[in-house]
Amino acid sequence: MFIVMEEGATETQVESVIGKLVDSGFTVHRSTGVVHTVLGCVGPKEEVDPRAIEMMDGVQECHRILSPYKLASRKFRPEGTRLQVRGVEIGGPAVIAIAGPCGVESRELIELSAQQAARAGAKGLRSGSFELREDALRMLRDAADRSGLFVLSEVQDHTQIPMMSGYVDMFQVGSRNMQNFSLLKALSKSKIPVMLKRGISATIEELLLSAEYLLAGGNYNVVLCERGIRTFETYTRHTMDISAIPVVKKLSHLPIMADPSHATGRRDKVIPMARAAVAAGADGILVEVHPTPDKALSDGAQSLFPNQFEELMRQLRMIAAAVGRTI
Ligand code: PEP
Ligand code: MN
């Protein structure tokens, strides 16, 4: 933690701040400049609230140096996390694709989607099971098994975890649930990997703090996902924050994927954003693909036609190679 005293702060004020820090277990290094006195503080744990210090007389500003998340921090595992989802590695040299329709609309639809996704080179099948729930999950599982894919599906409430555990290889925590701490705590006790999507109004730090709940409970099989955030721009559904990818790579050891479908909401913008995500270092992409997007029951406008997904995968192979990865 470091503290900048106000210009003209008195010796009594400086001493009183130092006294408080020393009482809290910090060693304080004082540097007296021409204008400001700066206090550098090293402590066993940075448990003092910086705002409480800023409320003291003569203090201009106080900042933490350590991040408020620990287990999700890159320092915790500098080499990065690699995890296995049904034999598929995420976070290694290979970039992976997870594809599928927004929802499981019928057995035929999900079967065809799985075949098309696998043919184009996807490793996972994604879909929401919504109202159909267990029947839909069974269809998703069967279709994925027949095409050699793993299953990713959204869990919306902690009560769904036991039932869903029989069908999915990876739980998705949707953007609206990123700070549903009872759900995160329950998933932290599961052995099943979790994909945690960034909330539409969440900072990167808040995303990492949510991941911390999963890790703290013992589930280290966590993948983050950038899926667009809310800005003043209205042309696209959300604004895809490509810069979050290299930022997360620096701050955290957790793999990060990108979902250009929910980010842009428009099929014609999904392909360039997927390319950008891989170029920026994403460990994978999550894409909505539908056999007949114009007839989709949900998110049709952002779902790729199967031939577009095939073409995207072809392009991503070249981009991945250019940044030292495979797909
Ligand atoms: C989804 O991937 O199905 C989904 C609803 O995404 P998000 O939570 O990012 O909106
Ligand atoms: Mn969708």
Side-chain angles (χ1 to χ4, degrees), residues 85 90 96-105 109-110 113-114 117 122 124-133 136-137 139-140 144 149-157 160 164 167-180 183-184 187 193-204 206-207 210-211 214 222-231 236-242 244-245 248 256-267 269-270 273-274 277 282 284-305 308-309:
V85 182
I90 307 184
I96 65 135
I98 307 175
C102 185
V104 179
E105 296 172 14
L109 170 103
I110 202 67
S113 298
L125 179 64
R126 60 135 295 144
S127 203
S129 55
F130 310 124
E131 295 86 31
L132 286 166
R133 272 292 144 201
L137 286 167
M139 292 175 199
L140 194 55
L149 300 170
F150 69 75
V151 170
L152 168 76
S153 197
E154 182 175 346
V155 55
Q156 290 166 324
D157 187 88
Q160 298 166 349
M164 287 187 73
Y167 300 99
V168 305
D169 301 306
M170 191 176 211
F171 284 114
Q172 176 172 314
V173 175
S175 55
R176 289 154 200 80
N177 265 324
M178 189 201 85
Q179 288 177 320
N180 178 343
L183 176 62
L184 297 177
L187 288 170
V194 177
M195 176 188 286
L196 177 64
K197 295 186 98 176
R198 181 179 181 185
I200 56 168
S201 301
T203 63
I204 294 170
E206 286 162 345
L207 172 66
S210 286
L214 294 166
V222 176
V223 175
L224 306 171
C225 183
E226 165 59 41
R227 49 78 69 211
I229 50 172
R230 175 173 291 155
T231 67
T236 49
R237 188 174 182 180
H238 300 287
T239 296
M240 180 131 188
D241 183 6
I242 295 285
I245 298 164
V248 165
I256 176 145
M257 293 189 52
D259 172 354
S261 307
H262 290 88
T264 63
R266 304 174 58 105
R267 187 182 307 132
K269 302 294 173 272
V270 169
M273 285 297 98
I285 52 158
L286 179 62
V287 189
E288 283 189 341
V289 184
H290 193 287
T292 47
D294 32 6
K295 298 202 182 84
L297 298 183
S298 55
D299 284 349
Q302 68 194 34
S303 299
L304 296 185
F305 284 91
Q308 289 182 304
F309 181 58

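One-based numbering, in listed order, for ligands and for the atoms of each.
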- Query: Rounded to the nearest 0.5 Å, how far does CD of Gln172 lie from CE of Met195?
  - Reply: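 Nearest 0.5 Å value for the CE-CD distance: 6.0 Å.
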
- Item | Chi angles and distances behind the side chain to side chain donor-acceptor pair (under 3.5 Å) call for His262, Asp299 | CA-CA 8 Å; His262 290 88; Asp299 284 349; 3.2 Å; yes

- Counterpart residues, salt bridge (charged side-chain N to carboxylate O under 4.0 Å, His left out), relative to Asp169 (two or more places apart): Arg86, Arg141

Do [X] and [Y] have side-chain heavy atoms sitting under 4.5 Å apart?
| X | Y | result |
| --- | --- | --- |
| Lys197 | Glu154 | no |
| Leu187 | Leu196 | no |
| Val155 | Asn177 | no |

- Those residues that, when tested against Thr231, pass side-chain hydrogen bond (donor to acceptor under 3.5 Å, both in side chains) (two or more places apart):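 Thr231 satisfies side-chain hydrogen bond (donor to acceptor under 3.5 Å, both in side chains) with Thr239 only.
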
- Under-2.8 Å protein N/O/S neighbours of the Mn ion (ligand 2), ordered by chain then residue number: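 Near the Mn ion (ligand 2), the protein supplies Cys102 SG, His262 NE2, Glu288 OE2, Asp299 OD2.
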
- Salt bridge check: are Glu288 and Arg126 linked by an N-O gap of less than 4.0 Å? yes

- Option passing side chain to side chain donor-acceptor pair (under 3.5 Å) with Gln302 (candidates Arg237, Arg267, Arg266): Arg237

- So which residues, sorted by chain and number, lie with a heavy atom under 4.0 Å of ligand 1?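 Shell around ligand 1 (4.0 Å, heavy atoms): Arg126, Glu154, Gln172, Gly174, Ser175, Arg176, Lys197, Arg227, His262.
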
